[in-house]
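Taking it in order: structure first as structure tokens, then the write-up.
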Amino acid sequence: VLLKEVDAALGGGKPILPDAVDMAEVGEGPTAATLHPHALVGGEASAGPVQTGIGFGLVFRQMELETLRSIIQSNTEAKRVLSLGGGTVMTAECAELVKENTLCIYLRTSVDTLMERLTDEAAGRPLLASDSDLRTRIEILMTQRASTYESTAHHIIDTDGHSIDSIAHIFCSLIGE
């Protein structure tokens, strides 16, 4: 679920989370294109068999940590939505920052649903573009990440079978809106 879609669902088509932050859209924050087309490949300790670009991946994760730390330290809002990239909490320091300084809500989604959502955009996601078998790649990443996602999250919303509106309302109930 994209941050902008949830925001629009909450506001009846009008954004109501003006202070929401998407890590991929933060000023000089890290994006896959910031460093290199394969910046993330090898950036996680167990990202799979592809070993190209390990140095770039480590630089990307360091930039991501610094961006996250800056966002958390500069937050003056009582409540602010922060949308993280899928690998953000796979860095131990990022996971700790998120766990200790936020109300983390994990939007858990099945591999089938992820396949539906990601098939058309896999080429723009280095950890998914690196493999011709998208389903297997997603299964590997989700298996590697699931326990970290679950241990970092304060709440888990299972998204399968729910509309964006439904997810937005569950989200609001969890944050007290």
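Just the heavy atoms: all of them, side chains too, but no hydrogens, waters or symmetry mates, feed the values below.
Checking side-chain atoms of Asp160 against main-chain N and O of Ser110 turns up a donor-acceptor pair under 3.5 Å. In this structure a side-chain-to-backbone donor-acceptor pair under 3.5 Å is present from Thr152 to Thr148. The backbone N or O of Met90 sits nowhere less than 3.5 Å from a side-chain atom of Tyr149 that would complete a donor-acceptor pair. Under a 3.5 Å cut-off, the side chain of Thr113 and the backbone N or O of Thr109 do not form any donor-acceptor pair. Remark: the backbone N or O of Lys99 is paired with a side-chain donor or acceptor of His154 at under 3.5 angstrom.
Taken to the nearest 0.5 Å, the SG atom of Cys94 stands 8.0 Å off from the CG atom of Leu84. A distance of 12.5 Å separates CD1 of Ile71 from CG of Asn101, quoted to the nearest 0.5 Å. For the atom pair Ile157 CD1 and His169 NE2, the distance stands at 12.0 Å (nearest 0.5 Å). Atom CG of residue Leu118 and atom CZ of residue Arg137 lie 13.0 Å apart, to the nearest 0.5 angstrom. The line from OG1 of Thr143 to CD of Glu139 is 7.0 Å long, rounded to the nearest 0.5 Å. Considering CD of Gln144 and CE of Met142, their distance stands at 10.5 Å, rounded to 0.5 Å.
When side chains are defined from C-beta on, His155 does not count as touching Ile175, because their heavy atoms never get closer than 4.5 Å. Two residues are said to be in side-chain contact when any heavy atoms from C-beta on lie closer than 4.5 Å; Ile105 and Ile156 fail this criterion. Put simply, the side chain of Leu107 does not reach to within 4.5 Å of the side chain of Asp158, judged on heavy atoms.
The pair Glu66-Arg69 does not count as a salt bridge, with every side-chain nitrogen at least 4.0 angstrom from each carboxylate oxygen.
Looking at residues two or more places apart in sequence or on another chain, you find no side chain to side chain contact (heavy atoms under 4.5 Å, CB included) involving Asp120. Considering only residues two or more places apart in sequence or on other chains, Glu150 meets the salt bridge (charged side-chain N to carboxylate O under 4.0 Å, His left out) condition with Arg108.
With Thr88 as reference, Leu68 is the one residue of Leu97, Leu68, Leu82 to meet the side-chain contact (heavy atoms from CB on, under 4.5 Å) rule.
No donor-acceptor contact under 3.5 angstrom links the side chains of Ser163 and Ser166, judged on distance only.
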